[in-house]
Amino acid sequence: MFVDEPATPTVARWLLAVAAALVVVPLTVVLVVLGLVIGMGWITMPVSVVLAIAVGGLVVWQRARTADARVLAEVGPVTAVPADSADECLARFRNLVDGLCLSIGVAEPTLAVIDDPAPNAMAVAAGDRHTVIATRSVLEQLDRLALEGVVAELLIRLRNGDAERATLVAALFGGPLVEGPLAGPLRPLTAMVYDRAIDEHRDISADLQAVSVTRYPPGLRSGLEVIAGAATNETAPGKMGPGFDHLWIVPPGRARRLFDFAPLDWRIDVLLEI
């Protein structure tokens with residue numbers, strides 16, 4: 001069994017430090033050059049460094065503090081799931097989450113649904129704010145046991161801190177490094193960040209923990225197979241770019257170009273052996 005690497009403060013601090021450096025270094029250079037151009041000389045360097053650190057720290061802190069909101073904005077239009085929904089799919093979703101939260105030991109997250117034909121789901125977290133997002137199609141295509149397995153895994157990711165770490169990576173690096181104008185030159189740094197923050201075996205570990213709660217491996221296995229049928233293409237549900245693909249319980253096929261994750265057949269084989 002693979003053991004989760006918890007979302008330790010050390011990992012979070014490392015991510016924040018790298019993100020801050022990406023802001024501070026170029027800003028320092030710009031301020032120093034500006035000081036030289038206007039004739040103030042090298043005396044402006046200490047001031048430039050201090051100002052750049054202050055601005056960079058503020059920018060990164062703000063992005064980290066609102067990491068979940070930034071991810072939700074990338075997903076696209078979402079519909080909150082009310083506690084007393086008359087919609088059968090939404091009511092089943094709510095009931096499964098309510099029951100599994102007690103078993104897993106996590107606070108009930110906010111539930112949201114996006115209208116998309118690709119079945120998939122994700123967990124997003126920042127501090128004590130937790131959100132589970134599912135596509136309408138995954139709620140309609142999975143039977144109760146399969147959906148129970150998927151929901152259990154998402155709640156496990158919230159409990160062990162993986163969802164918060166993944167959300168922080170997406171908010172700090174998902175857009176600027178993966179889709180911005182510097183995506184090409186900064187690709188080695190992007191790969192290092194994703195490799196450090198996202199363990200390729202985290203999916204298998206979460207799978208095992210989820211079925212230890214549901215006690216029915218075929219349920220999760222069935223759910224993963226249905227989701228994978230749509231996730232083999234080059235697109236993700238909603239309007240999310242490739243820098244956010246690691247958040248999905250089954251990353252879309254294009255994600256392989258950015259980071260390593262356990263192939264679905266590995267995950268299925270592990271579940272078959274239980």
Participant: Just how far is it from atom CG of Leu264 to atom CG of Asp203, taken to the nearest 0.5 Å?
Facilitator: 9.5 Å
Participant: If you round to the nearest 0.5 Å, how far is CG of Asp199 from CZ of Phe261?
Facilitator: 13.5 Å
Participant: Hey, are Glu153 and Arg267 close enough for a salt bridge, meaning a charged N less than 4.0 Å from a carboxylate O?
Facilitator: yes
Participant: Can you name the nearest heavy-atom pair linking Ala91 to Ser85, along with the distance?
Facilitator: CB-O, 3.7 Å
Participant: Is any side-chain N of the basic residue among Arg94 and Asp87 closer than 4.0 Å to the acidic one's carboxylate O?
Facilitator: no
Participant: Is the closest side-chain heavy-atom distance between Met122 and Ile249 below 4.5 Å?
Facilitator: no
Participant: If I compare all heavy atoms of Arg254 with all of Met240, which pair ends up nearest, and what's the gap?
Facilitator: NH2-O, 2.9 Å
Participant: Looking at side-chain heavy atoms only, is the closest gap between Leu224 and Leu271 below 4.5 Å?
Facilitator: yes
Participant: Transitively linked via ILVMFWY side-chain contacts under 4.5 Å: Val59 with Leu172?
Facilitator: no
Participant: Does the side chain of Trp266 reach to within under 4.5 Å of the side chain of His201, using non-hydrogen atoms?
Facilitator: yes
Participant: Are the side chains of Val132 and Phe93 in touch, meaning some heavy atoms are under 4.5 Å apart?
Facilitator: yes
Participant: Report yes if some heavy atom in the side chain of His130 is under 4.5 Å from a heavy atom in the side chain of Val106; otherwise report no.
Facilitator: no
Participant: Evaluate the side-chain proximity of Pro242 to Phe244: yes if any heavy-atom separation is below 4.5 Å, no if none is.
Facilitator: no
Participant: Quick check: does any side chain N or O of Arg165 sit under 3.5 Å from a backbone N or O of Ala197, one acting as donor and the other as acceptor?
Facilitator: yes
Participant: Are any of the side-chain nitrogens in Glu140 or Arg136 under 4.0 Å away from the carboxylate oxygens of its partner?
Facilitator: yes
Participant: What is the distance from atom CG of Asp98 to atom CG of Leu102, rounded to the nearest 0.5 Å?
Facilitator: 7.5 Å
Participant: Side-chain heavy atoms nearer than 4.5 Å, only ILVMFWY residues, links allowed to pass through others: does that put Ile268 and Val150 together?
Facilitator: yes
Participant: Answer yes or no: is there a donor N or O on one side and an acceptor on the other, between the side chain of Thr167 and the main chain of Ala126, under 3.5 Å?
Facilitator: no
Participant: Report whether Ile274 and Ile156 are members of the same hydrophobic cluster (ILVMFWY, side-chain heavy atoms less than 4.5 Å apart, transitive linking).
Facilitator: yes
Participant: A cation-pi test, strictly: NZ or CZ of Arg63 under 6.0 Å from the centre of the six-membered ring of Trp61 and no more than 45 degrees from its axis. Yes or no?
Facilitator: no
Participant: Which atoms form the tightest heavy-atom contact between Ile104 and Ala152, and what is the distance?
Facilitator: CD1-O, 3.7 Å
Participant: In this structure, which one of Val81, Asn95, Asp84 forms a side-chain contact (heavy atoms from CB on, under 4.5 Å) with Leu90?
Facilitator: Val81
Participant: Between Tyr194 and His246, is the ring pair (Phe, Tyr, Trp, His ring centres under 6.0 Å) condition met? List the steps.
Facilitator: CA-CA 9 Å; Tyr194 276 78; His246 61 286; 5.4 Å; yes
Participant: Answer yes or no: is there a side-chain heavy-atom contact under 4.5 Å between Ile133 and Leu72?
Facilitator: yes
Participant: Could you tell me if the side chain of Leu155 sits less than 4.5 Å from the side chain of Cys101, heavy atoms only?
Facilitator: yes
Participant: Using the side-chain contact (heavy atoms from CB on, under 4.5 Å) rule, pick out the option among Leu147, Leu139, Leu142 that qualifies with Cys89.
Facilitator: Leu139
Participant: CZ/Arg92 to CG/Asp143 distance, rounded to the nearest 0.5 angstrom?
Facilitator: 7.0 Å
Participant: Should Val113 and Thr135 be marked as a side-chain contact (heavy atoms from CB on, under 4.5 Å) after you check the CA-CA gap, both sets of side-chain angles, and the distance that decides it?
Facilitator: CA-CA 5 Å; Val113 174; Thr135 63; over 6 Å; no
Participant: Under 3.5 Å, side chain of Ser205 to main-chain N/O of Arg202, donor-acceptor pair present?
Facilitator: no
